[in-house]
S.K.: 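The structure is given below, and queries will be raised subsequently.
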Amino acid sequence: MKVCKFGGSSLANAAQVNKVIEIVLADPSRRLVVVSAPGKRHQGDTKVTDLLIELAKTAMKGENTDRQFGAVVERYAEIAQQLRLGDEIIRQIEMDLMDRLAQVGKLTGPEFLDLLKAAGEDNCARLVAVAFSARGKKCRYAGPKETGMVLTGEHGDAQLDPASYDTLSRAFSNFEGIVVYPGFFGYTREGKVATFPRGGSDITGSILAAAVCADVYENFTDVDSVFPCDPRVVPEVAEGEGIPTMTYREMRELAYAGFGVFNDDAVIPAVKARIPINIRNTNHPGEPGTMIQQSRRVVPGTVVGIAAMDHCCNLVVEKYLMNREIGFGRRLLTTLENEGVSYEHMPSGVDSQCIIVKDMYLPREKESRVLAAIRRELKPDYMSVERDLTMVMVVGEGMCYTPGMLAKACAALAQEGINISMVNQASNEVSFMIAIRSADSDKALRALYRTFFK
Ligand code: ASP
């Protein structure tokens, strides 16, 4: 069985919903269909989830919600009318929204907001199930309540209670036809609706794929495949090949460095269960997309992708004879921990320690406090914070045991006159990263793409 998840752009209007139906019907193993809320129909449009957030906020302020209510209903009505699904489903969606709105004041703010946000996916799943049935297919809606998807943690940032896997797997142990399931939300033990972080329908799809031990988790979006570089920065890549297969490790490294196509957090359940993930395009269903799996055939000396992580800074701490001072590293990290600074990498010299940190963990307002704390604790000779850095990551299992990969990258950057301020490679050799000035980031990506892919 395949679990297929369709994102908001795949459900934005009736034409897109029809594509979803065709894709699912084209393969009888596509039986569990997870949907997002309708997304943007065009640039400048608003996603249903954002309309619902506005609706919830207006209701919480005690203001008139007619306009916001109408805007949400209108999105579903447009799809239902164009698909000729009749008025009943629209009436049901209106009733559902009214029931949810009636909870204002009875729930806490975050609970109410989640109740409204979840309406986007929930009603979309009901509508899509009706659309399948209208095509004469045996199809039903199933949701988190009846299948036991229990969430814990904060509203808007909830996580699955791992005990749910058993319940979910039992709920789907034996079902007929196609099931359409809403993404993005579940229920707390107390029976309140709770949502995953934004974009969380990917998480739902991944959880269900793990729970039913799917053969594949197909994640349908609006790109043909994952590209080896961001095509907005490296236009040549758009005409070139997408990545046919990559390993979970490669995906994780690229996602870490900012590849936008997938969210590595979202796929953790599928990765842990070793379910292959297939990123595909709803608009080009004939394209095989990118398959992400545990292992793949690797050509030695090849790179799978190059990513750039902007907004980094380098905190440098220098102290003569640092290497002989037992506990220096521990105290430095403890100081950062006490200041709530999360670090990314920690390359070191003989008497200097660099700490690569994302800007958001060391904003300028916090810098002098953090430096003062380090000064008190470690009495360094010198400290500095270098900002506007980009970490360029070159990733590929094929780099293992291949001499000269880093040399090629450095030569390409040198030829462009790009200075390297730090290099880091873990001994698994699946990636290396190079710190450069952010102003050089695009130029560096283009040079590295030409070196490794042309
Ligand atoms: N509709 C939700 C959002 O816009 C969840 C999702 O689409 O995955 O964030």
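All ligand and atom numbering here is 1-based and tracks the order in the structure.
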S.K.: In the protein, which heavy atom is nearest to atom 5 (C) of ligand 1, and how far is it?
M.R.: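 Ranking protein heavy atoms by distance from atom 5 (C) of ligand 1, first comes Glu121 OE2, 3.4 Å.
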
S.K.: Below the 3.5 angstrom mark, is there an N/O of Gly199, backbone or side chain, next to an N/O of ligand 1?
M.R.: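 Between Gly199 and ligand 1, an N or O pair is found under 3.5 Å apart.
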
S.K.: When you compare ligand 1 with Lys5, is there at least one nitrogen or oxygen pair between them that comes in under 3.5 angstrom?
M.R.: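 No; every N/O pair is 3.5 Å or more apart.
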
S.K.: Are any of the side-chain heavy atoms of Leu389 and Ile436 separated by less than 4.5 Å?
M.R.: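 Side-chain contact under 4.5 Å: no.
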
S.K.: Gly8: heavy atom below 4.0 Å from ligand 1, yes or no?
M.R.: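 No.
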
S.K.: Side chains of Asn219 and Asp202: is there a donor and an acceptor less than 3.5 Å apart?
M.R.: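 Yes.
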
S.K.: Within ligand 1, which atoms have a heavy atom of Ser36 less than 4.0 Å away?
M.R.: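 Going through ligand 1 atom by atom, the ones under 4.0 Å from Ser36 are 6 (C), 7 (O), 8 (O).
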
S.K.: Please could you name the atoms of ligand 1 that Ser201 approaches to less than 4.0 Å, counting only its heavy atoms?
M.R.: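 In order of number, 5 (C), 6 (C), 7 (O), 8 (O).
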
S.K.: Any side-chain to backbone donor/acceptor pair from Thr290 onto Val226? Under 3.5 Å, distance only.
M.R.: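 Judged by distance alone, yes, a pair lies under 3.5 Å.
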
S.K.: So if I count the atoms of ligand 1 from 1 in the order they appear, which ones are less than 4.0 Å from some heavy atom of Lys47?
M.R.: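 Taking each heavy atom of Lys47 in turn, ligand 1 has 4 (O) under 4.0 Å.
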
S.K.: Have a look at Met433 and tell me which of Met391, Gln425, Glu344 forms a side chain to side chain contact (heavy atoms under 4.5 Å, CB included) with it.
M.R.: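 Result: among Met391, Gln425, Glu344, Met391 is the only option passing the side chain to side chain contact (heavy atoms under 4.5 Å, CB included) with Met433.
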
S.K.: Can you pull out the closest protein heavy atom to atom 4 (O) of ligand 1? Residue, atom name and distance to 0.1 Å, please.
M.R.: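 Of every protein heavy atom, Arg198 NH2, 2.9 Å lies nearest to atom 4 (O) of ligand 1.
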
S.K.: Just checking Phe6 against Phe220, ring centres under 6.0 Å apart?
M.R.: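 Centroid distance Phe6-Phe220: below 6.0 Å, so yes.
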
S.K.: State whether a side-chain donor-acceptor pair under 3.5 Å links Asp96 with Asn123.
M.R.: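 Indeed, the side chains of Asp96 and Asn123 share at least one donor-acceptor pair under 3.5 Å.
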
S.K.: Under 4.0 Å from ligand 1, counting heavy atoms only, is it the side chain of Lys117, its backbone, both or neither?
M.R.: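 Neither part.
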
S.K.: With no hydrogens and no angle check, just 3.5 Å: does a side-chain donor-acceptor pair link Thr247 and Glu397?
M.R.: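 Yes, Glu397 and Thr247 have a side-chain donor paired with an acceptor closer than 3.5 Å.
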
